[in-house]
Student: 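Here it is, the structure in full.
Protein chains get the first letters and strands the later ones, always in sequence-line order, with residue 1 at the start of each. No hydrogens, no waters, no symmetry mates; every other heavy atom, side chains included, goes into these values.
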Amino acid sequence: SAVISQKPSRDICQRGTSLTIQCQVDSQVTMMFWYRQQPGQSLTLIATANQGSEATYESGFVIDKFPISRPNLTFSTLTVSNMSPEDSSIYLCSGGGGADTQYFGPGTRLTVL
Amino acid sequence: KQEVTQIPAALSVPEGENLVLNCSFTDSAIYNLQWFRQDPGKGLTSLLLIQSSQREQTSGRLNASLDKSSGRSTLYIAASQPGDSATYLCAVNTGNQFYFGTGTSLTVIP
């Protein structure tokens, strides 16, 4: 199994600012993903973080708003840029997938004022 | 596009009861299906992973089944306990994309 940690666990930010969320996996994983979970909703995939290349974004999500880095097989960051109150959500990273179990981090609870 | 539905949306049962949670998906071309539990304000904890070639998986009091042709999976929880109270999510893996259901919120009453 893989253990995934995220930093920060929560933050309160002002409108117009940016926040970078870090995701660390304790073992190498082929795939890493970033999800958003809005209040009372299920998970929505933002993007697949690709090691050494640009992330693959899902419909409705763009790199300018959610830049993602993945410099190696155990680490990734998601930045939420130019935040508005509508960005208030839980942001979750996961690792694994394919034929393997997908493991999730504890999430980052973001509130934008 | 794959759509994943979970029924019921909420369930409340007395402690000790056996229960079944349902997950249905529209496209049977899946790689695997995974059941998760999510406690309030927390991340997701993996419970069971069923590969597309498998029919069921068991872990302790949990048993998950998969009928790929009919687009259905069930999660059976035996002898429910108050600690089982959480939201249960199923996720379908199509190979390059994960689709999550909307979840079943379970409350086990002591």
Student: Where does Gln38(B) contact chain A at under 4.5 Å (heavy atoms): side chain, backbone, both or neither?
Tutor: side chain
Student: OH of Tyr31(B): more than 12 outside heavy atoms within 6.0 angstrom?
Tutor: no
Student: Check each atom of Leu43(A) against the heavy atoms of chain B and say whether the ones under 4.5 Å are side chain, backbone, both or neither.
Tutor: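 Contact with chain B involves both backbone and side-chain atoms of Leu43(A).
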Student: Show, in sequence, the C-alpha distance, side-chain angles and deciding distance for Phe98(B) and Tyr35(A), and conclude whether the ring pair (Phe, Tyr, Trp, His ring centres under 6.0 Å) test is met.
Tutor: CA-CA 10 Å; Phe98(B) 290 91; Tyr35(A) 292 86; 7.2 Å; no
Student: For atom CD1 of Ile12(A), decide whether the heavy atoms of other residues, nucleotides or ligands shown that lie under 6.0 angstrom number more than 12.
Tutor: no
Student: Hydrophobic clustering (ILVMFWY, side-chain heavy atoms < 4.5 Å, transitive) - are Val25(A) and Phe75(A) grouped together?
Tutor: no
Student: Heavy-atom distance under 4.5 Å to chain B: side chain of Gln102(A), backbone, both or neither?
Tutor: both
Student: Enter the distance from Leu92(A):CG to Lys42(B):NZ here, rounded to the nearest 0.5 Å.
Tutor: 12.5 Å
Student: For the candidates Asn32(B), Val4(B), Leu44(B), which exhibits the highest count of non-hydrogen atom pairs separated by less than 4.5 Å from chain A?
Tutor: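 Of the candidates given, the most pairs with chain A belong to Leu44(B).
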Student: Verify the cluster assignment for Ile68(A) and Met83(A): are they in a single hydrophobic cluster under the rule of side-chain heavy atoms below 4.5 Å apart?
Tutor: yes
Student: Where on Gln37(A) is there a heavy atom nearer than 4.5 Å to chain B: the side chain, the backbone, both, or neither?
Tutor: side chain
Student: Thr102(B) and Ser42(A): which non-hydrogen atoms are nearest, and at how many Å?
Tutor: CA-CB, 3.8 Å
Student: Can you confirm whether more than 12 heavy atoms, excluding those of Arg61(B), are under 6.0 Å from its CZ atom?
Tutor: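 Buried by this count: over 12 neighbours within 6.0 Å.
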Student: Can you confirm whether Glu3(B) is buried at CD, in the sense that more than 12 heavy atoms of other residues, nucleotides or ligands lie under 6.0 Å from that atom?
Tutor: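 It does not: Glu3(B) CD has 12 such atoms or fewer within range.
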Student: Most heavy-atom pairs under 4.5 angstrom with chain A, which of Gly101(B), Gly103(B), Ser105(B)?
Tutor: Gly101(B)
Student: Side-chain heavy atoms under 4.5 angstrom apart, residues restricted to Ile, Leu, Val, Met, Phe, Trp, Tyr: same cluster for Met31(A) and Trp34(A)?
Tutor: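 In one cluster with Met31(A): Trp34(A), no.
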